[in-house]
Visitor: 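Okay, here's the structure, questions in a sec.
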Amino acid sequence: GESVGLHLPTLSVQEGDNSIINCAYSNSASDYFIWYKQESGKGPQFIIDIRSNMDKRQGQRVTVLLNKTVKHLSLQIAATQPGDSAVYFCAESPNNNDMRFGAGTRLTVKP
Amino acid sequence: NAGVTQTPKFRILKIGQSMTLQCAQDMNHNYMYWYRQDPGMGLKLIYYSVGAGITDKGEVPNGYNVSRSTTEDFPLRLELAAPSQTSVYFCASSLGVGELFFGEGSRLTVL
């Protein structure tokens, strides 16, 4: 799921399977990270966040993992549902003032 | 609460024209942001503000201006519109560095 180039990486999973979406962030000084979900034609919606003093945080059906050594973030979605189909973005705060977004991954859930 | 309200939702401009995208929030958030999202891409930060009277450049500020005279409003001004500014523009707000609340977006086409 790392985003390079001009198109979104895609991930296709079967309904009920677990999904793992990856993100490489750019700034080693970033200490706060958020995962957002964006459905077609809408603004991004908050899913889960994590601070750099943690390496794992769990929400309802979602888990975020942070590996600061390699500047890598992942979002795990358990028992993926059709309603989870969307574009997922990671965002980092490099200076405690603003949020910078990655390029995103398109998740498609097949029934 | 209406949240974050953006106007207009759609606009077509001719090259060289100017316009202002309006953004208002009623959550008493200090932080406000403007992002642009090109088709199939992630969000790029244009400008942000950490409070009334304070604005800072983001990743892609050229061709845009902002002002923050009140806590509620954060208008984005496009001077001398160019085709490269064709995009979807999202305004967002937050209490501090944390969950961003997004508007529904303003789709701008420059012909």
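Letters A, B, ... mirror the listed sequences (proteins, then strands); counts begin at 1.
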Visitor: Supply the atom-to-atom distance B/Leu76 CG to B/Asn65 CG, rounded to the nearest 0.5 angstrom.
Guide: 8.5 Å
Visitor: Less than 4.0 angstrom from a charged side-chain N to a carboxylate O is my criterion; do A/Asp49 and A/Arg57 meet it?
Guide: yes
Visitor: State, without any angle test, whether B/Thr20 and B/Arg77 hold a side-chain donor-acceptor pair at a distance under 3.5 Å.
Guide: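 Judged by distance alone, the side chains do pair up.
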Visitor: Could you look at B/Gln37 and say if it's the side chain, the backbone, both or neither that has a heavy atom under 4.5 Å from chain A?
Guide: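 For B/Gln37, the side chain is the part near chain A, not the backbone.
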Visitor: Hydrogens and angles aside, do B/Gln22 and B/Thr7 bring a side-chain donor and acceptor to less than 3.5 Å of each other?
Guide: no
Visitor: For A/Asp98, is it the side chain, the backbone, both or neither that has a heavy atom under 4.5 Å from a heavy atom of chain B?
Guide: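 Looking at A/Asp98, backbone and side chain both touch chain B.
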Visitor: Do B/Asp38 and B/Ser87 meet the criterion of a side-chain donor-acceptor pair at a distance under 3.5 Å?
Guide: yes
Visitor: Between the side chains of B/Tyr89 and B/Tyr64, is a donor N or O closer than 3.5 angstrom to an acceptor N or O?
Guide: yes
Visitor: Ion pair present between A/Arg61 and A/Asp84, side-chain N to carboxylate O less than 4.0 angstrom?
Guide: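 Salt bridge present between A/Arg61 and A/Asp84.
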Visitor: Chain B contacts: which residues in residues 25-41 of chain A have a non-hydrogen atom closer than 4.5 Å to it?
Guide: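 A/Tyr32, A/Ile34, A/Tyr36, A/Gln38, A/Gly41, listed by number.
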Visitor: Just checking heavy atoms, which of residues 100-111 of chain B are less than 4.5 Å from chain A?
Guide: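 Within residues 100-111 of chain B, near chain A: B/Leu100, B/Phe102, B/Gly103, B/Glu104.
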Visitor: Check whether any side-chain heavy atom of B/Leu78 lies under 4.5 Å from a side-chain heavy atom of B/Gln85, and answer yes or no.
Guide: yes
Visitor: Indicate whether any N or O donor in one side chain lies under 3.5 Å from an N or O acceptor in the other, for A/Thr108 and A/Ser12.
Guide: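 Checked: A/Thr108/A/Ser12 side chains show no N/O donor-acceptor pair below 3.5 Å.
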Visitor: Flag the pair B/Tyr33 / B/Ser94 as yes when at least one side-chain heavy-atom distance between them is below 4.5 Å, and no otherwise.
Guide: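 In contact.
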